[in-house]
Amino acid sequence: MAERVATASRISDLLRAPVGAVDLTAYDPSATVGFAGDKAAGRAAAAELGPQLADRQECLYANGTAGDPRRVLLVLQGMDTSGKSGTIHHVIGQVQPLGCSIAAFKAPTEEELANHFLWRVRKRVPGPGILGVFDRSHYEDVLVVRVHELVPLDTVEGRYEEINQFEAELADAGTRIIKVFLHISPEEQKKRLLERLDDPTKHWKYNPRDLDERAGWTQYQEAYELAIARCNSGAAPWFIVPADRKWYRNWAVAKLLLEQLMDMNLSWPPADFDVAAERARLLGTG
Ligand code: AMP
Ligand code: MG
């Protein structure tokens, strides 16, 4: 009997943002693109990815210690409650923390505002062998800044090209960039904000300003469409991840990250010492 070759589509292809104009209203935030099962199956599938992710991340780290310049940068963007920190918890939480660097970008400090918008970001880019994660990023400087007109529109308009140059520079230095837009619906956000209000252990996550941001939902979606369309090179691609279902979001980001790590074709660095000689030396000790 002829062997059947699995031809399952790659999540990296299924979730890749299109080249050219982006219309986010055409994407269903509650979709489960590339996954046929239910919540329980999704959770099980995500858990199965954990050891594989941990293995590839450790191999990346090992190569970093051996002088390989390669590293990974996972950029997480999305509206409030879209699951940026939940993704870090569930996906990145499955790998060795030593090889990770996680940076959250909040409203800039006075010192940060006095500098170029990429100044604070450059300080947090991952080094060789590191899996870097950005919880928000330099994209805020063309998102919240654009929606609230925090700087003149001309300045914002120039930033897309600055971002492209910055990301090309990172890619040239050996960074595999994976940009994820966690796409939620306004209905799901309402539900999640309510949960935060109704649970005293979640009050710290709530900010009354979140409601002002929510009021600008459409402008934010438009700002995201522009950012994704204008900064979507092959070296720094965007992925649109439906994020209304947390279990799907966790599975999809884990799968995406694993595929990207696999694409790096990492192998364990060979010993830079004589293994047999070291073994004999060790056995000869007391
Ligand atoms: P959170 O991620 O919920 O802790 O909120 C961080 C807040 O910082 C969000 O409201 C962001 O929009 C805001 N923020 C992040 N980066 C910038 C920036 N460059 N300029 C203005 N606000 C920013
Ligand atoms: Mg918040």
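Nothing here was measured: the structure is a model prediction, and the numbers come from that model. Whatever order the structure lists ligands and atoms in, that order sets their numbers, starting from 1.
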(message) Regarding ligand 1, does A107 bring an N or O atom to under 3.5 Å of one of the ligand's N or O atoms?
(response) yes
(request) With heavy atoms of V145 as the reference, note each atom of ligand 1 found under 4.0 Å away. (result) 20 (N)
(message) Can you confirm if the NZ or CZ of K202 lies within 45° of the ring axis of W204 and under 6.0 Å from the centre of its six-membered ring?
(response) no
(request) Determine the interplanar angle of the F134 and H138 rings, folded into 0 to 90°, and report it as parallel if under 30°, tilted if 30 to 60°, perpendicular if over 60°. (result) perpendicular
(message) Nearest non-hydrogen contact with atom 10 (O) of ligand 1 belongs to which option: K106, R136, E140?
(response) R136
(request) Would you mind checking which non-hydrogen protein atom is closest to atom 22 (N) of ligand 1, with the distance to 0.1 Å? (result) V144 CG1, 3.5 Å
(message) Closer than 4.0 Å to some heavy atom of D80 - which atoms of ligand 1 meet that?
(response) 3 (O)
(message) So, applying ring pair (Phe, Tyr, Trp, His ring centres under 6.0 Å) with Y224, which one of W238, W217, F181 is it?
(response) F181
(request) Can you pull out the closest protein heavy atom to atom 18 (C) of ligand 1? Residue, atom name and distance to 0.1 Å, please. (result) P108 CD, 3.4 Å
(request) Give the contacting part of R120 toward ligand 1: side chain, backbone, both or neither, where contact means a heavy-atom distance below 4.0 Å. (result) side chain
(request) Could you tell me whether R230 sits above the aromatic face of Y160, with NZ or CZ closer than 6.0 angstrom to the six-membered ring centre and within 45 degrees of the axis? (result) yes
(message) Considering only residues two or more places apart or on different chains, which pairs with a residue in residues 32-80 satisfy ring pair (Phe, Tyr, Trp, His ring centres under 6.0 Å)?
(response) F35-W247, F35-W251
(message) Within the 4.0 Å heavy-atom shell around D141, which atoms of ligand 1 are there?
(response) 19 (N)
(request) Flag this pair as yes if the NZ/CZ of R159 is under 6.0 angstrom from the six-membered ring centre of F117 and inside a 45 degree cone about the axis; otherwise no. (result) yes
